[in-house]
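Heavy-atom basis, side chains included; hydrogens, waters and symmetry copies ignored. Whatever order the structure lists them in is the order used to number ligands and atoms, beginning at 1.
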Amino acid sequence: MRIALDGPSGAGKSTVAKAVAKRLGIIYVDTGALYRSIGLYVLRAGVAKDDREKIIPMLSDIKLDLSFKDDTQSVILNGEDVSSLIRTGEIAMYASAVSAIPEVRAFLLETQRKIARENSVIMDGRDIGTVIIPDAEVKIFMIASAEARAERRYKELIAKGEECTLEGVLADIKKRDNDDSTRAVAPAIPAEDAIFLDNSDINQEQTVERVLEIINEKTRN
Ligand code: DC
């Protein structure tokens with residue numbers, strides 16, 4: 001069983017996918033972590049996030065692995081577990097920038113496809129239903145208004161002790177939405193056969209139930 005869960009940043013895909021994976025006994029794959037790890041590598045190298053000339057040759061120095069243990073994914077960048085380091089607003093902007101580089105997407109393609117070939121997965125990303133697993137049994141495109149997403153993200157960041165303002169978070173989300181959906185390669189657009197799920201006005205538990213319903217309906221026959 002392969003479930004593609006795509007949608008813009010902050011729609012709550014990861015929390016929902018984690019819960020769904022647990023209920024179904026399948027693996028949750030967070031593909032954004034791969035782009036974030038490349039973003040981290042570029043940041044550490046002191047290279048500008050849009051400097052393609054410098055970033056593309058750097059890919060040959062990068063080895064990325066995902067490992068799964070006790071319902072948790074770890075991302076290993078050249079032997080170092082960077083799973084927590086990549087969860088900052090700064091790295092999100094680097095990830096968004098490097099994800100627009102076709103060579104970066106090509107570099108990460110096989111890693112993602114291999115996991116989907118060898119496991120039952122719910123994979124969260126932007127192009128899972130369109131590029132990574134176009135023949136997935138279930139494709140869901142999860143959305144929420146930019147305001148609803150900004151409010152949730154703001155609360156998370158404050159809880160983690162990051163300094164930010166609601167206006168700043170909303171502006172970042174709108175910029176990332178725009179960049180991710182208008183880029184030339186694999187833009188974050190729904191697959192033709194994806195089912196839309198707007199969770200602006202429903203809570204996490206209700207979203208999980210709705211996703212499980214969709215999976216049930218799709219896989220009944
Ligand atoms: O889901 P996330 O916020 O961790 O993703 C970080 C960035 O990576 C996001 O701005 C777009 C990019 N991304 C992508 O282009 N394709 C994916 N499958 C996953 C993430």
Practice prompt. Could you tell me whether a side-chain N or O of Asp124 sits under 3.5 Å from a main-chain N or O of Leu5, the two making a donor and an acceptor?
Written response: no
Practice prompt. Verify, without hydrogens or angle tests, whether Lys139 (side chain) and Ala191 (backbone) share a donor-acceptor contact under 3.5 angstrom.
Written response: no
Fill in: Donor + acceptor pair across side chains of Tyr94, Arg36 (<3.5 Å)
no
Worksheet item: Among Lys13, Arg36, Arg126, Arg153, which residue places a heavy atom closest to atom 1 (O) of ligand 1?
Response: Arg126
Worksheet item: Is Gln206 close to Asn203 at the side-chain level, that is, under 4.5 Å between some pair of heavy atoms?
Response: yes
Fill in: Closest protein heavy atom (residue, atom, distance) for atom 19 (C) of ligand 1
Thr31 OG1, 3.4 Å
Discussion item. As an exercise, identify every atom of ligand 1 less than 4.0 angstrom from a heavy atom of Ser99.
Written reply: 11 (C), 12 (C), 15 (O)
Discussion item. Under a 4.0 angstrom heavy-atom cut-off, which atoms of ligand 1 come close to Gly125?
Written reply: 17 (C), 18 (N), 19 (C)
Item to complete: Could you tell me which atoms of ligand 1, counted from 1 in the order shown, lie closer than 4.0 angstrom to a heavy atom of Arg87?
Response: 4 (O)
Item to complete: Give yes if a backbone or side-chain nitrogen or oxygen of Asp127 is under 3.5 Å from a nitrogen or oxygen of ligand 1, and no if not.
Response: yes
Worksheet item: Which heavy atom of the protein is the closest neighbour of atom 11 (C) of ligand 1, given with residue, atom name and distance?
Response: Asp180 OD2, 3.4 Å
Discussion item. Give the atom numbers and elements of ligand 1 that come within less than 4.0 Å of a heavy atom of Gly32.
Written reply: 4 (O), 5 (O), 19 (C), 20 (C)
Practice prompt. Indicate yes or no for a side-chain donor-acceptor contact from Arg2 to the backbone of Asp135 under 3.5 Å, with no hydrogens or angles considered.
Written response: yes
Worksheet item: Can you find an N or O of Arg176 that's nearer than 3.5 Å to an N or O of ligand 1?
Response: yes
Worksheet item: Is a salt bridge present between Arg149 and Asp177, judged by a nitrogen-to-oxygen distance below 4.0 Å?
Response: yes
Worksheet item: Which protein non-hydrogen atom lies closest to atom 16 (N) of ligand 1, naming both residue and atom, and how far is it?
Response: Arg105 NH2, 3.0 Å
Practice prompt. State plainly whether the residues Asp30 and Lys13 are in salt-bridge range, i.e. N to O under 4.0 Å.
Written response: no
Fill in: Pair Glu110 + Arg113: basic N to acidic O under 4.0 Å
no
Item to complete: Identify, for atom 8 (O) of ligand 1, the protein heavy atom at the shortest distance, and state residue, atom and that distance.
Response: Tyr35 CB, 3.6 Å
